[in-house]
Number of protein chains: 2
Amino acid sequence: MPNPEKTEAVQNKCQEARPLDAFDRKILGELAVDAGLSYAELGSRAGLSAPAVHERVKRLRATGRIRGTVAVLDGPTTGKPFLAFVHVDSTGWGKTQELLALSELPEVEEIHSVAGDTCMLLKVRCASSRALEGLLARLYALPSVKATRSYVVLSTFLERTPQAEITEALESTDLSSLASR
Amino acid sequence: MPNPEKTEAVQNKCQEARPLDAFDRKILGELAVDAGLSYAELGSRAGLSAPAVHERVKRLRATGRIRGTVAVLDGPTTGKPFLAFVHVDSTGWGKTQELLALSELPEVEEIHSVAGDTCMLLKVRCASSRALEGLLARLYALPSVKATRSYVVLSTFLERTPQAEITEALESTDLSSLASR
DNA sequence: TTGAAGAAAGGAATGTCATTCGGAGCAATC
DNA sequence: GATTGCTCCGAATGACATTCCTTTCTTCAA
């Protein structure tokens, strides 16, 4: 009979699924806000030395927790003041391949398949309403696209990449207390 | 009578709205994909020297074209496998202030006000469906929130930050050619 | 309990790169 | 035609990333 702990250890090794200790999460949290921090500064905030932080960051990158490091561009001042979310109803499954071709357009920032009364959800940022119109025209040019609903953004109050912190309280919400609503 | 060119020059100076030449856009494009590039590498790709690139990047940061540099975290492997878009119908204008308080939750990544059959649009990434439920509970706890519609993401095919490139063709789409559809 | 092995952290050294400085080319202005 | 301002490049400096090595702690086995 295999030793459960040893088996788990092996799995962790193979899947590289070590469960992120407090140091890791602190580092991730800081880097998700500002990746320009030096390892020394990062270390002093996390309570580690620079080489230790470096080692952890290297591991976080290798295991895919950190996807990459990017400069966040400002839409309006870089020529794309129009932001919209487009819901796409398409006929048939497996037709999503056509939509994925839109990834080539730099205006398309996100493509998700979603559950709900729609099939696909696109996040699109472009130069003008004219360009949005042109993009919708391309959408409707696809045979599988049945209908779209666009939600043009008027104001953006918050926009950021995934954060490291997790709000534990959300999972322990006592919904029964809301039953009286 | 004021000299138009001079006036424009002054405006550019004041608004710091210089129109981004090809070098700037190339640099922005590269940095939006990988901000870890050295200035030397960046320079060789753009056809400039390292100091020249450095100067431009500094200016792009100062003028707000580059909002910041961040590490892109992977949702699933950092403990947040659930992604959803939540449409919020709220009663009355100016009540958005309540919703903005949700910015404090690291699970809330985006908050937009949109035109369409809904008022607010949230992008939410959390640990579990239980957490999503807890977040919706918080939403409904706000007096102004009338209804919500959630679109749970099943698969994400593309997800990136704003890109520098602009597809000119989108703005020159001949919509009259689509009239026959 | 003791010994051995693995993992991880810290200190110091090295190499790379960011950053700065000075000079040159170029355009626009008076 | 001289001047001012801007941007580029090459070289020098300084900071920082990266590596190496030692130490410590934990874990597993005897």
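Letters A, B, ... mirror the listed sequences (proteins, then strands); counts begin at 1.
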Should A:His87 and B:Tyr151 be marked as a ring-ring contact (aromatic ring centres under 6.0 Å, His included) after you check the CA-CA gap, both sets of side-chain angles, and the distance that decides it?
CA-CA 10 Å; A:His87 290 202; B:Tyr151 298 89; 4.8 Å; yes
Going by atom type alone, with no hydrogens or angles, which donor-acceptor pairs under 3.5 Å involve a side-chain atom of residues 25-36 of chain A and a protein atom two or more places apart or on another chain?
from: A:Arg25; atom 1: NH1; to: A:Ala164; atom 2: O; distance (Å): 2.7
from: A:Arg25; atom 1: NH1; to: B:Thr78; atom 2: O; distance (Å): 3.3
from: A:Lys26; atom 1: NZ; to: A:Glu30; atom 2: OE2; distance (Å): 3.0
from: A:Glu30; atom 1: OE1; to: A:Arg45; atom 2: NH1; distance (Å): 2.8
from: A:Asp34; atom 1: OD1; to: A:Gly36; atom 2: N; distance (Å): 2.8

Looking at B:Asp74 and A:Arg67, is there a salt bridge between them, counting it only when a charged N and a carboxylate O are closer than 4.0 Å?
yes
Pair A:Glu109 + A:Lys80, salt bridge at N-O below 4.0 Å:
no
Would you give the length of the straight line joining atom CG of B:Leu135 to atom CZ of B:Arg130, rounded to the nearest 0.5 angstrom?
13.0 Å
Taking protein heavy atoms under 4.0 Å as touching, what does nucleotides 9-20 of chain C look like 5' to 3' if B marks base contact, S marks sugar-phosphate-only contact and - marks none?
SBBB-----SSB
